[in-house]
Amino acid sequence: MKYNTDKFKGIAVAFPACYDKNGDISPKAIVELCRYYYNNGVRSLYVNGSGGEGVLLTTEERMLVIETIMNELYGKMVVINHIASPSTRESIKLAEHSEKCKVDAVAAVPCIFYRQSEDSIEKYWNDITKTIDLPFFIYNIPALSGYNLSNKLFSKMVQNEKIVGIKSSSEVAHDIIRFKMNVPDDFIVYSGCDEHYLAGRVVGADGGIGGTYAVFYELFFAIEKAFLNGDITKATALQKKATALIYRLVSFPSMMGSIKAMLKLDGIDIGEPRLPFLPVSEKDSDLIALYNDTKHAMD
């Protein structure tokens with residue numbers, strides 16, 4: 001493979017969008033959140049993806065986000081920047097900017113909103129990789145994109161030496177198995193469905209990227225540690241706790257809002273989610289109960 005992919009293995013936190021009181025991107029809050037995660041043992045981030053409200057941000061805002069993160073964390077964390085936009089032109093612009101910022105890799109879902117043919121998706125991903133010298137991750141999230149990557153197209157994409165892996169966020173764990181078949185040993189497959197992270201690891205995933213890791217990172221670190229130690233019984237018990245907590249997290253008006261409210265309870269104020277995502281109050285009794293239960297999840 002063209003690139004060494006060992007650094008991409010393990011847990012990567014999907015970095016939440018950070019806003020000021022006016023709803024604008026807040027570099028100050030981004031830096032505070034970067035330091036919060038770093039001080040709590042996080043060593044890999046996924047930026048401007050679903051959990052980062054990337055498609056709600058302008059191209060310039062997404063550039064500001066990744067610039068701020070890389071200025072703070074370059075050399076300290078592995079950073080993957082999601083650069084998909086409605087048009088190939090904007091996606092390439094973000095990819096080229098990412099390379100200037102010295103990110104570790106970029107990623108992209110198929111073209112946003114319009115349902116494209118497989119020929120179009122193939123050209124889209126290949127066109128992006130032609131403009132940069134960076135590792136590239138396919139982001140497969142059928143529930144939001146409306147497209148589940150086929151074996152036929154996947155087999156074509158892995159021939160591109162810059163494509164080093166895939167984030168598989170489908171709701172079926174066996175997609176991880178098919179993405180692990182007939183690829184080089186160093187091809188990275190991330191589990192992107194937090195509710196069955198452990199199942200993904202058991203069937204071959206190299207790690208995970210998750211939006212709920214933003215507040216449940218300690219729990220997923222513990223699942224990963226137990227898995228690596230071969231203690232599947234403990235890992236399973238922890239995954240059951242994580243899944244139950246995730247169900248509660250997504251029961252609020254928006255997951256983005258509940259994540260921001262929980263971070264606020266931890267002393268990190270990154271504002272409210274961008275509409276149409278609804279805010280959640282940190283004073284909500286159910287949210288406080290979830291926060292407290294999260295802190296005691298490994299007791």
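The first residue in the sequence is number 1, and the count goes up from there.
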(message) Using the salt bridge (charged side-chain N to carboxylate O under 4.0 Å, His left out) criterion, which residues pair with Arg35? Sequence neighbours excluded.
(response) Glu72

(message) Are more than 12 heavy atoms, taken from residues, nucleotides or ligands other than Glu118, located less than 6.0 Å from that residue's CD atom?
(response) yes

(message) Minimum heavy-atom separation for Ile128 and Phe136, please, with both atom names.
(response) CG2-CE1, 3.9 Å

(message) If you define the side chain from C-beta out and look only at heavy atoms, does anything of Val13 sit under 4.5 Å from Phe220?
(response) no

(request) Kindly check if the number of other-residue, nucleotide or ligand heavy atoms within 6.0 Å of CG (Asp185) is above 12? (result) no

(message) As a quick check of understanding, evaluate side-chain hydrogen bond (donor to acceptor under 3.5 Å, both in side chains) for Asn81 and Ser98, giving each step before the final call.
(response) CA-CA 7 Å; Asn81 192 30; Ser98 296; 2.9 Å; yes

(message) My understanding is that only residues two or more places apart in sequence, or in another chain, count here; which of them pass salt bridge (charged side-chain N to carboxylate O under 4.0 Å, His left out) with Arg274?
(response) Glu61

(message) With a 4.5 Å cut-off on side-chain heavy atoms, are Thr68 and Ile25 touching?
(response) no

(message) For the aromatic rings, using the six-membered ring if either is Trp, is the centroid distance between Phe137 and Tyr190 under 6.0 Å?
(response) yes

(message) Taking the side chain as everything from C-beta on, heavy atoms only, tell me whether Arg43 gets closer than 4.5 Å to Tyr37.
(response) no

(message) Ignoring hydrogens, what is the shortest heavy-atom contact between His196 and Ser170? Give both atom names and the distance.
(response) NE2-O, 3.7 Å

(request) Would you give the length of the straight line joining atom CD1 of Ile188 to atom CZ of Phe179, rounded to the nearest 0.5 angstrom? (result) 15.0 Å

(message) I'd like to know if Lys156 pairs up with Glu122 as an ion pair, taking the criterion as any Lys NZ or Arg NE/NH1/NH2 lying under 4.0 Å from an Asp or Glu carboxylate oxygen.
(response) yes

(request) Identify, with sequence neighbours excluded, every residue that meets salt bridge (charged side-chain N to carboxylate O under 4.0 Å, His left out) alongside Asp286. (result) none

(message) Is the shortest side-chain heavy-atom distance between Val79 and Ile66 below 4.5 Å?
(response) yes

(request) Taking the side chain as every heavy atom from C-beta outward, state whether Lys260 and Pro279 have any atom pair closer than 4.5 Å. (result) no

(message) Applying the salt bridge (charged side-chain N to carboxylate O under 4.0 Å, His left out) criterion to Asp206, which one of Lys180, Lys7, Arg201 satisfies it?
(response) Lys180

(message) Once side-chain hydrogen bond (donor to acceptor under 3.5 Å, both in side chains) is applied, do any residues pair with Asp284, and if so which ones, sequence neighbours excluded?
(response) none

(message) For the NE2 atom of His97 and the CE atom of Met70, what is their distance to the nearest 0.5 Å?
(response) 11.0 Å

(message) Do Val42 and Tyr74 sit in one hydrophobic cluster, given that two such residues count as connected whenever their side-chain heavy atoms are within less than 4.5 Å of each other, even indirectly?
(response) yes

(request) Grab the two heavy atoms, one from Val106 and one from Ile80, that are nearest each other, plus how far apart they are. (result) C-CG2, 4.1 Å

(message) Starting from Leu153, can I reach Met181 by hopping between I/L/V/M/F/W/Y residues whose side chains sit under 4.5 Å apart?
(response) yes

(request) Would you kindly confirm whether Val172 and Ile209 end up in one hydrophobic cluster when ILVMFWY residues are joined by side chain heavy atoms under 4.5 Å apart? (result) no

(request) Please identify each residue that fulfils side-chain hydrogen bond (donor to acceptor under 3.5 Å, both in side chains) with Asp133, with sequence neighbours left out. (result) Tyr3

(request) First locate atom NZ of Lys76, then atom CD1 of Ile69, and finally report the distance between them rounded to the nearest 0.5 Å. (result) 13.5 Å

(request) Kindly give the heavy-atom pair with the smallest separation between Asn148 and Asp175, and that separation in Å. (result) ND2-OD2, 3.5 Å

Pair up each side-chain donor or acceptor in residues 159-167 with any protein partner under 3.5 Å, not counting sequence neighbours, and list the distances.
residue: Gln159; atom: NE2; partner: Ser155; partner atom: O; Å: 3.4
residue: Asn160; atom: OD1; partner: Lys162; partner atom: N; Å: 2.9
residue: Asn160; atom: ND2; partner: Asn126; partner atom: OD1; Å: 2.9
residue: Asn160; atom: ND2; partner: Thr129; partner atom: OG1; Å: 2.9
residue: Lys162; atom: NZ; partner: Thr129; partner atom: O; Å: 2.8
residue: Lys162; atom: NZ; partner: Ile132; partner atom: O; Å: 2.6
residue: Lys167; atom: NZ; partner: Tyr139; partner atom: OH; Å: 3.2

(message) Show, in sequence, the C-alpha distance, side-chain angles and deciding distance for Arg62 and Thr59, and conclude whether the side chain to side chain contact (heavy atoms under 4.5 Å, CB included) test is met.
(response) CA-CA 5 Å; Arg62 292 169 73 174; Thr59 295; 5.7 Å; no

(message) Taking Met256 as the starting point, is it possible to reach Leu278 by hopping between hydrophobic residues whose side chains are less than 4.5 Å apart?
(response) no

(request) Return yes when atom CE of Met298 has more than 12 non-hydrogen atoms of other residues, nucleotides or ligands closer than 6.0 Å, and no otherwise. (result) yes

(request) Supply the members, apart from Val31, of the Ile/Leu/Val/Met/Phe/Trp/Tyr cluster built from side-chain contacts under 4.5 Å; use none for a lone residue. (result) none

(message) So, taking the atom named OG1 in Thr294 and the one named CG in Asp266, what distance separates them when rounded to the nearest 0.5 Å?
(response) 10.0 Å

(request) Return the minimal non-hydrogen interatomic distance between Glu67 and Cys101, and the atom names on each side. (result) CG-SG, 3.7 Å

(request) Kindly compute the distance separating NZ (Lys93) from OG (Ser87), expressed to the nearest 0.5 Å. (result) 9.5 Å

(message) Restricting to non-hydrogen atoms, name the atom on Glu171 and the atom on Cys193 that form the minimum distance, rounded to 0.1 Å.
(response) CA-SG, 4.4 Å

(request) May I ask you to decide if the ring planes of Phe154 and Phe187 are parallel, tilted or perpendicular, using 30° and 60° as cut-offs? (result) perpendicular

(request) If a pair satisfies ring pair (Phe, Tyr, Trp, His ring centres under 6.0 Å) and one of its residues is in residues 266-299, list it, with sequence neighbours excluded. (result) none

(message) When you compare the side chain of Pro253 with that of Val280, does any pair of heavy atoms fall below 4.5 Å?
(response) yes

(message) Is the shortest side-chain heavy-atom distance between Ile270 and Ser26 below 4.5 Å?
(response) no

(request) Not counting sequence neighbours, which residues clear salt bridge (charged side-chain N to carboxylate O under 4.0 Å, His left out) with Arg115? List them please. (result) none

Contacts table for residues 239-247: side-chain donor-acceptor under 3.5 angstrom, sequence neighbours left out:
residue: Gln239; atom: OE1; partner: Tyr197; partner atom: N; Å: 3.3
residue: Gln239; atom: OE1; partner: Leu198; partner atom: N; Å: 2.9
residue: Gln239; atom: NE2; partner: Asp194; partner atom: O; Å: 3.2
residue: Gln239; atom: NE2; partner: Glu195; partner atom: O; Å: 3.2
residue: Gln239; atom: NE2; partner: Thr243; partner atom: OG1; Å: 3.1
residue: Lys241; atom: NZ; partner: Ala297; partner atom: O; Å: 2.7
residue: Thr243; atom: OG1; partner: Glu195; partner atom: O; Å: 2.8
residue: Thr243; atom: OG1; partner: Gln239; partner atom: O; Å: 3.0

(request) Look up atom CD1 in Ile11 and atom CG in Leu45, then write down how far apart they are to the nearest 0.5 Å. (result) 12.5 Å

(message) For the CG atom on Asn182, are there more than 12 heavy atoms of other groups (residues, nucleotides or ligands in this structure) within a distance under 6.0 Å?
(response) no

(request) Report the residue from Pro110, Ser145, Ser150 that forms a side chain to side chain contact (heavy atoms under 4.5 Å, CB included) with Ile121. (result) Pro110

If you look only at distance, which donor and acceptor atoms sit under 3.5 Å apart when one is on a side chain in residues 229-237 and the other is two or more places apart or in another chain?
residue: Asn229; atom: ND2; partner: Lys225; partner atom: O; Å: 3.3
residue: Asp231; atom: OD1; partner: Lys234; partner atom: N; Å: 3.0
residue: Thr236; atom: OG1; partner: Ile232; partner atom: O; Å: 2.7

Just list the side-chain donor-acceptor pairs under 3.5 Å for residues 15-23, sequence neighbours left out, or say none.
residue: Tyr19; atom: OH; partner: Glu53; partner atom: OE1; Å: 2.8
residue: Asp20; atom: OD1; partner: Asn22; partner atom: N; Å: 2.8
residue: Asp20; atom: OD1; partner: Gly23; partner atom: N; Å: 3.1
residue: Asp20; atom: OD1; partner: Asp24; partner atom: N; Å: 3.0

